[in-house]
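For reference, the structure is listed below as structure tokens.
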Number of protein chains: 2
Amino acid sequence: MTDIDRTIHEPVRLRILAILSGVDLADFKFFVTTLGLSKGNLSSHMDKLEQAGYVEVQKGFNGKIPRTAYRMTDAGRKALADYWIALDQIRTACTEADGPTPS
Amino acid sequence: MTDIDRTIHEPVRLRILAILSGVDLADFKFFVTTLGLSKGNLSSHMDKLEQAGYVEVQKGFNGKIPRTAYRMTDAGRKALADYWIALDQIRTACTEADGPTPS
DNA sequence: CATAAGGGTTTGTATCACAAACTAGTTTGC
DNA sequence: GCAAACTAGTTTGTGATACAAACCCTTATG
């Protein structure tokens, strides 16, 4: 019974990783607008993904305006793949319970 | 962007529903042993599933020993199906982010 | 009688998602 | 030149909750 990775399982972070898995680089603003999050909320989710080693942060400037962008790491890619596998296992694994005789 | 049903999304409850979706009836003890939960924990998860209308409780006796069994409702079946659909949408929906020019 | 086991409820706690407030720098209006 | 508004992001506060531990009640077991 493989465990669910809670870091990934949180819906917001799952969406973030799903996006990053197809994009190579996406910035702070983009996530705020597409996911409809408050900046604070996004910031803390990104912290968690970073601390888990699933995303890398790239801080730079767009002219004089700061820009923070995120990229998925290999570990993140692996973890996400494993996550989907674990979910599929749950989805499939049913059908052998005790048959409790009703009353 | 369909929302994730948090009642179902919790891993323990997801496993419970996955089991119930293939079994018609399963009892308290069974879940405790197969999922490795404390009784208190299982009890509160079942409360939530019941309050959401996703499972029905059948309290009875096996001789003089009380037996509590759970059955999935139609609403539960529907909600679980929707849940998997929502997850698949996240899994598939990637690939159109802003291309932020790196640095 | 004592201990265990089924079937819980109550209580305590650590975590965490989220928003609101705040910081820091930048452009715009006058 | 200075205030108002905006971009970008961090820090702080709070309410919800997953989980275990402790407790309760009843029935078997030794």
Side-chain angles (χ1 to χ4, degrees), chain A residues 1 3-18 25-52 54-71 90 97-103, chain B residues 1 3-17 25-52 54-71 90 97-98 100-103:
Chain A
M1 204 193 289
D3 256 30
I4 294 289
D5 184 337
R6 297 266 183 174
T7 302
I8 295 183
H9 194 57
E10 165 59 32
V12 169
R13 290 193 292 265
L14 184 55
R15 287 180 205 274
I16 290 171
L17 291 182
L25 202 64
D27 56 3
F28 191 88
K29 174 87 181 300
F30 173 74
F31 288 113
V32 168
T33 55
T34 54
L35 298 181
L37 305 170
S38 69
K39 293 175 289 177
N41 195 7
L42 177 61
S43 187
S44 66
H45 282 306
M46 284 307 191
D47 273 358
K48 259 154 211 164
L49 289 175
E50 202 189 344
Q51 281 183 2
Y54 295 166
V55 305
E56 273 172 9
V57 185
Q58 301 223 327
K59 281 173 187 288
F61 285 88
N62 198 358
K64 287 182 177 177
I65 296 172
R67 194 202 64 255
T68 302
Y70 302 92
R71 185 195 311 277
I90 293 177
D98 288 344
T101 19
S103 112
Chain B
M1 205 192 291
D3 256 30
I4 294 289
D5 185 337
R6 297 266 183 174
T7 301
I8 296 183
H9 193 58
E10 165 60 32
V12 169
R13 290 194 291 265
L14 184 55
R15 288 180 205 274
I16 289 172
L17 291 181
L25 203 62
D27 55 1
F28 190 88
K29 173 86 182 300
F30 172 74
F31 287 114
V32 167
T33 55
T34 54
L35 299 180
L37 305 170
S38 68
K39 293 176 288 178
N41 196 7
L42 176 62
S43 187
S44 65
H45 282 305
M46 284 305 192
D47 273 358
K48 261 155 210 162
L49 289 173
E50 202 189 344
Q51 282 184 359
Y54 294 165
V55 304
E56 273 172 8
V57 185
Q58 302 223 327
K59 281 172 188 287
F61 285 87
N62 199 358
K64 287 182 177 176
I65 295 174
R67 194 202 63 255
T68 302
Y70 301 92
R71 185 195 310 278
I90 293 177
D98 289 343
T101 19
S103 110

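Here is how names work: the chains are called A, B, and so on, in the same order as the sequence lines, proteins then strands, and each is numbered from 1.
The backbone N or O of B:G60 sits nowhere less than 3.5 Å from a side-chain atom of B:R67 that would complete a donor-acceptor pair. Looking only at distances, a side-chain donor or acceptor of A:R13 sits under 3.5 Å from a matching main-chain atom of A:T7. Distance alone, capped at 3.5 Å, places no donor-acceptor pair between the B:S43 side chain and the B:K39 backbone.
For B:H45, there are no ring-ring contact (aromatic ring centres under 6.0 Å, His included) partners two or more places apart in sequence or in a different chain.
Here the shortest heavy-atom pairing between B:V12 and B:L35 reads O-CD1, 4.4 Å.
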| Contact state string [nucleotides 15-26 of chain C, B base, S sugar-phosphate only, - no protein heavy atom under 4.0 Å] | -SSBBB-----S
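B:K29 has its NZ atom 9 Å from the P atom of C:dA5, to the nearest Å. In this structure, B:K59 atom NZ and C:dG6 atom C1' are separated by 12 Å, rounded to whole Å. In this structure, the CD atom of B:Q51 is 11 Å from the P atom of D:dT17, given to the nearest Å. B:L35 places its CG atom 15 Å from the P atom of D:dA18, with the value rounded to the nearest Å. Going from atom CG of B:L42 over to atom P of D:dC19 covers 11 Å, rounded to whole Å. Summarising the geometry, the separation between CZ on B:R15 and P on D:dA18 is reported as 15 Å, rounded to the nearest angstrom.
Electrostatic pairing of B:E10 and A:R6 counts as a salt bridge here, judged by a charged N lying under 4.0 Å from a carboxylate O.
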